[in-house]
There are 2 protein chains.
Amino acid sequence: MRDAAEIQHRMTLFQQRCAELGLANTHQRQVIFRTLAESTSHPTPEEVYRRVRKKIPSISLGTVYRNIKILVQKGLLKEVAVHHEPLRLDPNLSDHHHLVCRRCKSVADIASEDVEPVRLKAALPAGFQVERCEVVAMGLCAACAMKLKQNRSH
Amino acid sequence: MRDAAEIQHRMTLFQQRCAELGLANTHQRQVIFRTLAESTSHPTPEEVYRRVRKKIPSISLGTVYRNIKILVQKGLLKEVAVHHEPLRLDPNLSDHHHLVCRRCKSVADIASEDVEPVRLKAALPAGFQVERCEVVAMGLCAACAMKLKQNRSH
DNA sequence: TTGACAAAAGAGAATAAATCTCGTTTAATA
DNA sequence: TATTAAACGAGATTTATTCTCTTTTGTCAA
Ligand SMILES: [Mn+2]
Ligand SMILES: [Mn+2]
Ligand SMILES: [Zn+2]
Ligand SMILES: [Zn+2]
C-alpha cells in the first residue's frame, strides 16, 4: 500500500491521461485504477475484481477485464513480462535469452554468449535463491515494423 | 529443422533419460519429443499436436499435453520465459525487472538501477527494433526453499 | 439544464487453453 | 507369457478471458 499523497498524484495524472485519450471518466474505471495504484504487488485480474468489489459490489468481472485491457493498451498499466497464451515450448535446453515481437508474438533465441552476463548490483529479498536469469528483449520484428508504418500512413 | 545426426543423438539421450526417470518408452512420447527436437522454433502445444498427428493421426490432444507437462517437469523441455496463468498486472510503470519464485509464483520487483544494463554483444535478426529489455530472475523464495527442504527430509 | 449520442456497464453466454476422469491398451519385467 | 503400473483415447470439466446484447452513464453542444 502506497501513501495517500502518492496515490492522489497518480489519480490526478490518470484523469488527465484519460481525458487526453478520450476515455470516459467512469467511477468503475477510477476505482479499478486506484486499486492497482494502491498495490505494490502484482495482482491477477481476479484479485483486482475481488478488491474492487469491496468498493463497488455490483461491478461485473467483464468490466474489470475490459478496463484492464484498455489500460494496458494505453500504457497506463503493464503486464508482468511477456505473457500471452498459449504456452510456448522450447526444445533448446541451453541457457539462452529471447527476443519477442510485441505485435506478432514471434519468439527468437538470443544465445547466452551474445548477452553480457546479467549482474545484480543490489541485495535480493532475504533468502531468495536465483537459479537462472533470462533476458526478454521486447520490440518489433522487421515485418511488423513495416506493417505498422504502412497502417500509420493511411 | 535440425540435421538428422543431431536429432538421432537427441533421441538416444532422450531414451536414456526416460529409462533413468522411469518413464515408459511409448511411441507417442517419442514422436512428441522428436517433433520438438526437430523444431528450431517455439511451438505451442496445439502446433505440436498438429505436427504429431501427421505421424500418429489417432493421438489425442490430452496425450500431447500430458507428455509436454511431464517432459517440462523432468527438464527435457523448457517453457519460454515465465509463463503461468492468470495474467499478472504491474502498476509500476518504471522500467524494472522481476524476481519470480518457480514454486509459489510470487513476483517481486528488482529496480532498474539494481541491475547492470543488459548489453547485447551480437547483432540481432535484421531489422528487429528492441524497445525494452526485461530480466526475469527465476528461483526459489525463502519460504518455498524451506518447504522444499522439509519435504525432501521426509 | 437538457437532449443526443457515443462510450461503457452489467449479465450471462461463448470460447480457448489446459486438465481431469475413466475405461482400455501397452510397456516393463519377472 | 502373465502381471501390473504406466500411459493412452475420448470426451467431460475447469479456468481464464472475451464476446454479445441490452441498459445505463458520461460528454458535449445547443
Ligand atoms: Mn528459445
Ligand atoms: Mn513489477
Ligand atoms: Zn512481429
Ligand atoms: Zn515461493
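Letters A, B, ... are given to chains in the order of the sequence lines, protein chains preceding strands, and every chain is numbered from 1.
Place A/Asn67 and A/Gly62 on DNA chain C by their nearest nucleotides, and A/Asn67 ends up nearer the 5' end.
Within the structure, every side-chain polar atom (N or O) of B/Tyr65 is placed at least 4.0 Å from both OP1 and OP2 of C/dT19. Residue B/Arg66 has no polar side-chain atom (N or O) positioned under 4.0 Å from OP1 or OP2 of C/dT19.
Regarding B/Ile56, its CD1 atom lies at a distance of 14 Å from the C1' atom of C/dT25, rounded to whole Å. For the pair A/Ile70 CD1 and D/dT18 P, the computed distance is 12 Å after rounding to whole Å. Residue A/Ile59 contributes atom CD1, which lies 13 Å from atom C1' of C/dA11 at whole-angstrom precision. In this structure, NZ of B/Lys69 is placed 14 Å from P of D/dA7, rounded to the nearest angstrom. Rounded to whole Å, atom C1' of C/dA18 lies 13 Å from atom CG of A/Leu89. Between the CD atom of B/Glu46 and the P atom of C/dA17 there is a distance of 6 Å, rounded to whole Å. Between the OH atom of B/Tyr49 and the P atom of D/dC8 there is a distance of 14 Å, rounded to whole Å. Between the P atom of D/dA6 and the CG atom of B/Leu71 lies a distance of 16 Å, rounded to the nearest Å.
Annotation: side chain of B/His97 is in contact with side chain of B/Ser112 (closest heavy-atom distance under 4.5 Å). Counting heavy atoms from C-beta outward, A/Glu47 and A/Ser41 have side chains that stay 4.5 Å or more apart.
Summarising the geometry of A/Gln129 relative to B/Ala145, their closest heavy-atom pair is NE2-CB, 3.5 Å, with the distance given to 0.1 Å.
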Could you go step by step and tell me if B/Asp109 and B/His98 meet the side chain to side chain donor-acceptor pair (under 3.5 Å) rule?
CA-CA 5 Å; B/Asp109 284 347; B/His98 289 108; 3.1 Å; yes
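Of the options A/Val136, A/Val135, A/Ile110, a side-chain contact (heavy atoms from CB on, under 4.5 Å) to A/Leu99 is made by A/Ile110 and by none of the others.
Within the 4.0 angstrom heavy-atom criterion, no nucleotide atom of any strand lies near B/Leu61. Among the heavy atoms of the strands lying under 4.0 Å from A/Ser58 are primed sugar atoms or P, OP1, OP2 only; no base atom is included.
Electrostatic pairing of A/Arg50 and A/Glu46 does not count as a salt bridge here, judged by no charged N lying under 4.0 Å from a carboxylate O.
By the 30° and 60° cut-offs, the orientation of the rings of B/His96 relative to A/His42 is tilted.
Sorted by residue number, the members of residues 12-29 of chain B with any non-hydrogen atom under 4.0 Å from DNA chain C read B/Asn25.
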